[in-house]
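Contents: one structure, followed by commentary.
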Amino acid sequence: MVKPRWGLAAAAAAAVRPCRRRLLSSATAAAAATVATATPLFPRCPHPHHHLHGRRLPFLASAASQQQQQSGQTAASPATPPIPSDPRAAVSGNLPFFDRVLFPDTFPVETPPPSSAAASAAAAADEEVASALKAREETEAEREAWRLLRRAVVSYCGEPVGTVAAEDPECTETLNYDQVFIRDFVPSALAFLMRGETEIVRNFLLHTLQLQSWEKTVDCYSPGQGLMPASFKIRAVPLDDNNEAFEEVLDPDFGESAIGRVAPVDSGLWWIILLRAYCKITGDNALQERVDVQTGIKLILSLCLSDGFDMFPTLLVTDGSCMIDRRMGIHGHPLEIQALFYSALRCSREMLVMNDGSKNLLRAINNRLSALSFHIREYYWVDMKKINEIYRYKTEEYSHDATNKFNIYPEQIPSWLVDWIPEKGGYLIGNLQPAHMDFRFFSLGNLWAITSSLTTPKQAEGILSLIDEKWDDLIANMPLKICYPAMEDDEWRIITGSDPKNTPWSYHNGGSWPTLLWQFTLACIKMGRPELARRAIAVAEEKLAADKWPEYYDTRSGRFIGKQSRSYQTWTIAGFLTSKMLLENPELASILTCDEDLELLEGCACCLSKKRTRCSRRAAKSHVVE
């Protein structure tokens, strides 16, 4: 896709910084009042007042200048002219805030703050929605969690746009925990959506979509245009040399500042999944039909569906490109990415507008879904029967009819797995490449495979049966192990590079992550086993509030708070709330789940070509439908 060329530097700046808010010192307030009548070069923030769910950042604006501006508004406060009718209003789903940012000449520059009566009415409406959703009295832990979640909300131009990763008042070194991460915000967004507070989610979706088109460069190289940022931060930057006027800008990180400089492959996939959840729970189909939203979906898919050298339908990624964002030996075709990829394809197929321009893309999506579901179900699934089959594999088979297609050596079966795999149940392995199977159990990938129907119903039941059977290993004192087992000794030194944060049974190397609780709850609800989720939530609720909502837990059984864990981790808080709300309203799980699509099992790209006479899918069809 050719990037747009701008004729003027001012136009380019306006595209990069679509929303600004001038914050002036008292020395320049009088001059600003005169300049305010002129048309500004950049659009100003449409809502300067404090939002009910927002938290203002500390900007340099003196009390004297604020009083002077307020007195000026009181002296002459003409009625706000009505928003003119415009075809964009229908496309945007009647979102005045975002349209004023994108089309500043169409709308009034500012909106006066609401009256106290209006604010009281809004608060009463929020309480009414919250009380309607409550089927019981909230626990003390839930009330504290909601208070902390609201404290983590950040605002851009007076509107809530996300939640920071952690809000730990006892920690002086923020690192990047003061940023809004796309993957981290998902459980926060779901909690707000299920509580009827949808504005923050919509703002988040549209602003991150706008960041998608920003220039992304690492050492003079730019990745694909559809890449979504891992995170963004709201900064106040000076407009001139004297530091008397400032503007709010969104500062995204596409991996340029990340440890290892790894692009976030999962960000775009989570964005599509969240977009579908928002539209399903609100009925706001106008949002997904917007031209810019449709374009954003297509740009993400163009990256994922682009041709390459790989022979498999799975996405090939590097280490650290998902929730496990450090070196952990998951490079290749990790299960987490494949499950999110499949889910994003299913969601995109629902949301893409059918027209001449999207027919080829929809055909490509269907072909990829068909191939991907077969590949994962057939080659990633292991149970006692499959492991015994691998144990008896012949190697170095050169033929189309080979049983050991990936030339897996039986000696790769780890000793821990022989005694660990139960008689009933199984799971999807963590990775599959030529001559390599990663037999570790990765929770997120397995749980999201259930949620998206990437697994067969029988396999989904088997995964939950395994978790139930191996409760002391995967849940124990705190749900849920991010992976099992941990790498130790030489394996840890070689694969992680002796990473001091990923020591055995810590962080991503076998640590316990409470945020995974909401995905576990979702999978349990879908498979009709909510009692497992209740049991896990009860374990977590006993400790999380007392332990100050940590990011992760250490040790084999998850007894200790992680040695480098942040307190008041937002997605720990939001994951707990989302889990509780899903159990109270299990019908809401449908905004995230996908049902089995039997048509995908019937379709096969090989049927389109007479040259392809040998197809593994046809021979193994009974295994993928079971």
Side-chain angles (χ1 to χ4, degrees), residues 139 141-142 145 183-184 186-188 190-191 323-324 335-336 339 420 422 425 427-428 430 440-451 460 462-486 505-527 529-562 565-584 586 589 592:
T139 64
E142 289 174 86
R183 76 171 70 93
D184 291 36
V186 172
S188 298
L190 296 174
M323 179 181 175
I324 298 179
L335 176 63
E336 177 180 335
W420 190 76
Y427 66 100
L428 299 174
R440 287 176 292 176
F441 176 89
F442 288 85
S443 294
L444 177 53
N446 275 276
L447 294 176
W448 209 258
I450 296 174
T451 299
I463 293 171
L464 292 184
S465 295
L466 179 138
I467 294 175
D468 189 13
E469 178 76 17
K470 299 298 178 181
W471 190 270
D472 291 339
D473 292 329
L474 301 176
I475 301 222
N477 293 291
M478 180 56 63
L480 194 66
K481 285 294 179 191
I482 190 170
C483 71
Y484 182 91
W505 305 109
S506 179
Y507 203 55
H508 293 146
N509 188 16
S512 299
W513 290 71
T515 187
L516 294 172
L517 193 59
W518 73 270
Q519 284 121 329
F520 180 57
T521 302
L522 194 63
C524 290
I525 290 173
K526 184 186 176 187
M527 298 309 299
R529 301 197 62 180
E531 72 283 353
L532 285 180
R534 290 193 185 94
R535 186 176 162 198
I537 291 172
V539 171
E541 193 165 11
E542 289 182 1
K543 298 181 62 177
L544 285 179
D547 293 343
K548 300 180 180 179
W549 308 94
E551 180 181 11
Y552 64 96
Y553 286 76
D554 284 354
T555 73
R556 183 186 291 266
S557 61
R559 292 188 65 188
F560 291 173
I561 298 173
S565 175
R566 291 296 175 107
S567 298
Y568 304 106
Q569 187 79 13
T570 303
W571 68 351
T572 297
I573 298 165
F576 168 74
L577 288 173
T578 299
S579 299
K580 298 280 283 191
M581 296 173 78
L582 283 171
L583 279 181
E584 289 293 323
L592 291 159

Could you give the distance from [atom1] ([X]) to [atom2] ([Y]), rounded to the nearest 0.5 Å?
X      : Y      : atom1 : atom2 : answer
Leu480 : Ile475 : CG    : CD1   : 5.0 Å
Glu531 : Cys524 : CD    : SG    : 7.5 Å
Thr578 : Leu190 : OG1   : CG    : 5.0 Å
Leu335 : Phe441 : CG    : CZ    : 9.0 Å
Leu582 : Lys526 : CG    : NZ    : 14.0 Å
Leu516 : Leu474 : CG    : CG    : 11.0 Å

Q: Go through the steps to decide whether Arg534 and Ile537 satisfy the test side-chain contact (heavy atoms from CB on, under 4.5 Å), and finish with yes or no.
A: CA-CA 5 Å; Arg534 290 193 185 94; Ile537 291 172; 5.7 Å; no

Looking only at non-hydrogen atoms, find the nearest pair between [X] and [Y] and report the distance.
X      : Y      : answer
Ser506 : Asp554 : OG-OD1, 2.9 Å
Ser512 : Gly558 : OG-CA, 3.8 Å
Ala339 : Trp448 : O-CD1, 3.7 Å
Ala589 : Ile525 : CB-CG2, 3.9 Å
Pro479 : Leu517 : CG-CD1, 3.8 Å
Thr572 : Leu544 : CG2-CD2, 4.0 Å

Flag the pair [X] / [Y] as yes when at least one side-chain heavy-atom distance between them is below 4.5 Å, and no otherwise.
X      : Y      : value
Tyr553 : Pro514 : yes
Asn446 : Phe520 : no
Ser557 : Asp472 : no
Glu551 : Ile561 : no
Tyr427 : Ile467 : no
Ile482 : Ile324 : yes

Q | Test side chain to side chain contact (heavy atoms under 4.5 Å, CB included) applied to Met527 and Leu532, Ile463, Ile450, the passing residue | A |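 Single side chain to side chain contact (heavy atoms under 4.5 Å, CB included) partner of Met527 among Leu532, Ile463, Ile450: Ile450.
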
Are any side-chain N or O atoms of [X] and backbone N or O atoms of [Y], one a donor and one an acceptor, separated by less than 3.5 Å?
X      : Y      : value
Ser443 : Cys483 : no
Asn509 : Ala486 : no
Lys548 : Tyr568 : no
Thr515 : Trp571 : yes

(Q) Show, in sequence, the C-alpha distance, side-chain angles and deciding distance for Trp420 and Leu466, and conclude whether the side-chain contact (heavy atoms from CB on, under 4.5 Å) test is met. (A) CA-CA 10 Å; Trp420 190 76; Leu466 179 138; 3.7 Å; yes

For this output row, return yes or no: ring centroids of [X] and [Y] closer than 6.0 angstrom.
X      : Y      : value
Tyr484 : Trp505 : yes
Trp513 : Trp518 : no
Tyr507 : Tyr552 : yes

Q) What do the steps show when you test Trp471 against Glu469 for side-chain contact (heavy atoms from CB on, under 4.5 Å), and what is the final call? A) CA-CA 6 Å; Trp471 190 270; Glu469 178 76 17; over 6 Å; no

Q) What residues form a salt bridge (Lys or Arg N to Asp or Glu O under 4.0 Å) with Asp468, not counting sequence neighbours? A)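 Partners of Asp468 under the salt bridge (Lys or Arg N to Asp or Glu O under 4.0 Å) test: Arg529, Arg535.
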
Q: List the steps and the verdict of side-chain contact (heavy atoms from CB on, under 4.5 Å) for Phe442 and Met323.
A: CA-CA 11 Å; Phe442 288 85; Met323 179 181 175; over 6 Å; no

Q | Of all pairs that satisfy salt bridge (charged side-chain N to carboxylate O under 4.0 Å, His left out), the ones with a partner from residues 538-547, not counting sequence neighbours | A |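 Counting only pairs at least two positions apart or across chains, the salt bridge (charged side-chain N to carboxylate O under 4.0 Å, His left out) contacts touching residues 538-547 are Glu541-Lys580.
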
